[in-house]
Amino acid sequence: MIFQYLFPGVAIAVANGKIFRKLTKIENESFKRKRMDEAKRREEKIRMTKAKNMMVCIGTVFLVCWIPINSINLISDFLHMRDMSIINFLGTYTFYICFTACHFSAMICAVINPAIYGYFNENFRREFIILFRKMKPEKIIERPEMRMELKEMNGDEGEISGKEK
């Protein structure tokens, strides 16, 4: 639990704390400059607030997603110290359902992080949309060079079809 939850949680908190302080310092310095007009100040403040919110959100999601698996592991270790088994305590079926749900919660953290970055970062969102559009099958088939390759693969001179002759 120390290496799987507490150490990464503390590392995220410390790193985010340092970044948060640095962003606050940059924000305060940029507002002290007299040359910046009101619209730029407002835009800079919004950008800094988004960055800070993103850091808090990522740290919170990590901690919340990993609590269930660490809790079940902690309970399992506690019962093992008392010469009991969590499987005997919960029952085999219930244990495996609980463990699967807890493991799913921990692994979903890796899926949620890109969504958080995409929500808070316009550049990331724009690049993700471009990548997603490139992955669509209809877009790939529309390219002329791909049509030629598909014709050669099917041995077809005429229309492209996915069916074998």
Side-chain angles (χ1 to χ4, degrees), residues 1-81 86 89-90 94-147 149-150:
M1 183 163 159
I2 290 172
F3 291 108
Q4 186 176 351
Y5 186 69
L6 292 179
F7 185 71
V10 169
I12 288 171
V14 169
N16 284 348
K18 287 183 177 185
I19 294 169
F20 195 86
R21 281 193 299 270
K22 184 72 172 177
L23 287 175
T24 303
K25 183 179 175 184
I26 290 170
E27 185 178 21
N28 290 337
E29 288 173 1
S30 70
F31 289 149
K32 288 180 183 176
R33 296 184 197 133
K34 301 291 182 192
R35 292 183 233 150
M36 191 180 283
D37 64 344
E38 188 62 32
K40 279 194 173 190
R41 283 185 185 190
R42 204 175 6 220
E43 184 180 310
E44 184 74 14
K45 185 161 182 70
I46 289 170
R47 194 172 68 82
M48 291 293 181
T49 302
K50 278 186 174 183
K52 291 174 184 176
N53 288 341
M54 180 179 66
M55 290 185 317
V56 168
C57 194
I58 286 173
T60 304
V61 164
F62 171 82
L63 294 174
V64 169
C65 285
W66 281 87
I67 282 175
I69 192 77
N70 284 295
S71 297
I72 202 165
N73 286 337
L74 190 63
I75 292 168
S76 176
D77 291 345
F78 178 74
L79 289 174
H80 182 70
M81 287 178 6
I86 194 166
F89 187 72
L90 292 176
T94 307
F95 168 74
Y96 284 118
I97 293 295
C98 288
F99 185 81
T100 301
C102 293
H103 191 265
F104 179 77
S105 171
M107 297 302 109
I108 200 75
C109 184
V111 175
I112 292 174
N113 277 343
I116 293 170
Y117 282 113
Y119 178 77
F120 285 106
N121 188 327
E122 290 179 26
N123 292 332
F124 186 90
R125 188 180 322 138
R126 185 175 27 254
E127 292 298 322
F128 188 77
I129 289 170
I130 290 169
L131 180 66
F132 183 74
R133 285 184 181 153
K134 286 182 179 180
M135 291 173 53
K136 282 183 157 179
E138 349 23 285
K139 295 287 183 186
I140 294 172
I141 292 174
E142 288 177 7
R143 293 190 343 221
E145 64 273 9
M146 191 66 166
R147 285 186 178 273
E149 290 174 16
L150 285 173

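Worth saying up front: this structure is predicted, and the values here are computed from it rather than measured. Positions are given from 1, in the same order as the sequence printed here.
For the ring pair (Phe, Tyr, Trp, His ring centres under 6.0 Å) test, no residue two or more places apart in sequence or in another chain qualifies with F120. Checked against side chain to side chain contact (heavy atoms under 4.5 Å, CB included), L79 has the following partners two or more places apart in sequence or in another chain: I75, M84, I86, F89. Contacts of R47 classified as salt bridge (Lys or Arg N to Asp or Glu O under 4.0 Å), with partners at least two apart in sequence or in another chain: E44.
Rounded to the nearest 0.5 angstrom, N70 CG and D77 CG are separated by 10.0 Å. Expressed to the nearest 0.5 Å, how far CD1 of I116 lies from OG1 of T60 amounts to 8.5 Å. Taking SG of C98 as the reference point, atom CD1 of I69 lies at 10.5 Å (rounded to 0.5 Å).
F99 and N73 get closest at one heavy-atom pair: CE1-OD1, 4.2 Å.
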Determine all donor-acceptor pairs shorter than 3.5 Å in which one atom belongs to a side chain in residues 103-115; sequence neighbours excluded.
| residue | atom | partner | partner atom | Å |
| --- | --- | --- | --- | --- |
| S105 | OG | C65 | O | 2.9 |

Using a 3.5 Å cut-off and no angle test, enumerate the donor-acceptor pairs between side-chain atoms of residues 13-22 and protein atoms at least two apart in sequence or in another chain.
| residue | atom | partner | partner atom | Å |
| --- | --- | --- | --- | --- |
| N16 | ND2 | M55 | O | 3.1 |

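No more than 12 heavy atoms of other residues, nucleotides or ligands sit less than 6.0 Å from atom OH of Y117.
Of the possible donor and acceptor atoms, one in the side chain of T100 sits under 3.5 Å from a partner among the backbone N and O of Y96.
Applying the salt bridge (Lys or Arg N to Asp or Glu O under 4.0 Å) rule to pairs touching residues 49-75 yields E27-K52, K50-E122, sequence neighbours excluded.
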